[in-house]
Amino acid sequence: MTTLLPIRTERQGLLEVTDQIVNWADAQAVRVGLLTVFCRHTSASLLIQENSAAAVRRDLEGYFTRIAPEDPTAYEHDDEGPDDMPAHIRTALTQVQLSIPISKGRLALGTWQGIYLFEHRRRPQARTLALHLLGE
Amino acid sequence: MTTLLPIRTERQGLLEVTDQIVNWADAQAVRVGLLTVFCRHTSASLLIQENSAAAVRRDLEGYFTRIAPEDPTAYEHDDEGPDDMPAHIRTALTQVQLSIPISKGRLALGTWQGIYLFEHRRRPQARTLALHLLGE
Amino acid sequence: MTTLLPIRTERQGLLEVTDQIVNWADAQAVRVGLLTVFCRHTSASLLIQENSAAAVRRDLEGYFTRIAPEDPTAYEHDDEGPDDMPAHIRTALTQVQLSIPISKGRLALGTWQGIYLFEHRRRPQARTLALHLLGE
């Protein structure tokens with residue numbers, strides 16, 4: 001089974017999408033299988049991270065801002081604004097795809113793991129995740 | 001087929017887990033398929049890397065220590081000790097999931113590729129990998 | 001279905017391999033499925049990135065050169081030349097595996113996404129990608 005999951009991002013940073021993904025997977029009623037989440041963009045990415053302390057997410061956002069800063073002098077590409085090239089770099093440093101096993105009808109996420117869409121652009125964006133589920 | 005593979009880590013750094021994973025996959029006797037390894041944690045991750053020179057692994061460990069250092073002044077989150085927030089960052093920079101094709105009954109790993117659990121916390125931890133295998 | 005896709009790299013940097021991968025996938029005539037690309041090396045990796053502006057790729061190459069520089073004083077491992085240890089690090093920071101859903105007979109790549117083999121060694125190399133496709 002496949003579907004496209006539209007996600008509206010309102011700001012730069014980590015947006016939890018665990019519920020939308022789990023809800024779709026649950027509706028397919030698979031007992032054993034594999035769920036794949038694929039981000040169809042080059043300036044937003046995926047991350048599985050701590051779903052408890054909000055400070056962890058703020059620190060992660062701060063880290064990627066420091067390690068791949070907005071700095072027009074550092075990059076040749078600036079057609080789409082100063083946040084675009086850092087967005088491509090932050091995407092390259094994280095993931096565009098995640099596959100998660102399903103066992104006993106549940107995604108094998110750890111207790112503290114949430115699935116996040118990492119928006120790297122400053123302005124709100126319409127993003128799409130492609131989901132694929134196999135199993136029985 | 002799915003299973004949970006418990007791994008005890010004794011120290012920070014790269015711990016090879018290729019044999020445990022290959023042994024389980026081999027026991028399923030799949031000729032053509034896909035093996036997925038999923039790390040159920042946010043302060044440990046997965047890496048496929050050089051299985052020959054130990055110096056490569058020491059240099060990799062040193063690199064991630066430098067690029068995401070323990071530095072209480074750099075992070076807001078410090079509830080779980082100074083090694084926790086760097087652990088989340090090092091996890092974000094590497095992988096929590098790997099899928100490896102199987103052909104002619106063998107994982108398609110390259111000659112020099114080993115599968116490593118990358119423990120980012122200082123103290124020993126009980127970790128669990130979720131494995132999923134499909135094929136025939 | 002599985003195959004091995006040989007790729008000759010002529011230089012360090014991003015080499016687009018979308019066409020070779022899409023051509024093989026299309027030939028299998030799968031309507032709904034999942035394609036996995038696996039890089040069998042530890043000094044070359046995979047990246048899905050912008051397929052339009054060449055400046056984006058030059059900036060990405062420049063970024064990884066800066067963040068993991070050739071610097072013999074920084075690494076213990078130098079048996080294979082000064083470009084080898086940075087190659088392992090750049091591989092660790094990017095991906096060795098990508099899985100892409102297929103829907104309505106087409107890979108779910110976004111409009112601006114291309115699949116790249118990221119060669120991290122300076123000299124030409126013979127690389128191999130393992131491809132796996134499941135579906136119907």
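Values below: every heavy atom of this structure, side chains too, minus hydrogens, waters and symmetry copies. Below, chains carry the letters A, B, ... as their sequence lines are ordered, and counting in each starts from 1.
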Keeping the roles fixed (side chain from D59(A), backbone from Y75(B)), state whether a donor-acceptor pair exists under 3.5 Å. no

Max heavy-atom pairs within cutoff under 4.5 Å with chain A, candidates T128(B), T42(B), D79(B), goes to T42(B)

To the nearest 0.5 Å, atom OH of Y63(A) lies from atom NE2 of H88(B) at 14.5 Å

One option among I67(A), I100(A), I102(A) has the most heavy-atom pairs under 4.5 Å with chain B, and it is I100(A)

Notebook entry, point to check: Where the side chain of Q95(B) meets the backbone of Q95(A), is there a donor-acceptor pair that is under 3.5 Å apart?
Noted result: no

For the residue pair M85(B) and L60(A), establish whether any side-chain heavy-atom pair is separated by less than 4.5 Å. yes

Output for pair (S103(A) OG, M1(B) CE), nearest 0.5 Å, gives 13.0 Å

CD (Q113(A)) and NE2 (H41(B)) are apart, to the nearest 0.5 Å, by 7.5 Å

Verify, without hydrogens or angle tests, whether Q97(B) (side chain) and S99(A) (backbone) share a donor-acceptor contact under 3.5 angstrom.
yes

Are more than 12 heavy atoms, taken from residues, nucleotides or ligands other than W24(B), located less than 6.0 Å from that residue's CH2 atom?
yes

Whatever's closer than 4.5 Å to a heavy atom in chain B on L47(A) counts as side chain

The complete set of salt bridge (Lys or Arg N to Asp or Glu O under 4.0 Å) pairs with one or both residues in residues 124-136 of chain B, sequence neighbours excluded, reads E119(B)-R127(B)

Hey, is the main chain of A108(A) close enough, under 3.5 Å, to the side chain of R40(B) for a donor-acceptor pair? yes

Close side-chain approach of F64(A) to I89(B), heavy-atom, < 4.5 Å = no

When the 4.5 angstrom heavy-atom criterion is applied to L134(B) and chain A, the contacting part is side chain

Residue set satisfying ring pair (Phe, Tyr, Trp, His ring centres under 6.0 Å) with H132(B), at least two apart, ordered chain then number -> none

Turns out that what part of T94(B) lies under 4.5 Å from chain A's heavy atoms comes down to backbone

Okay, F118(A) and chain B: the region with an atom under 4.5 Å from a heavy atom over there is neither

dist E50(A):CD -> E80(B):CD (nearest 0.5 Å) comes out at 6.5 Å

Separation between OG1 (T36(B)) and CG (L98(A)), nearest 0.5 Å, reads 11.5 Å

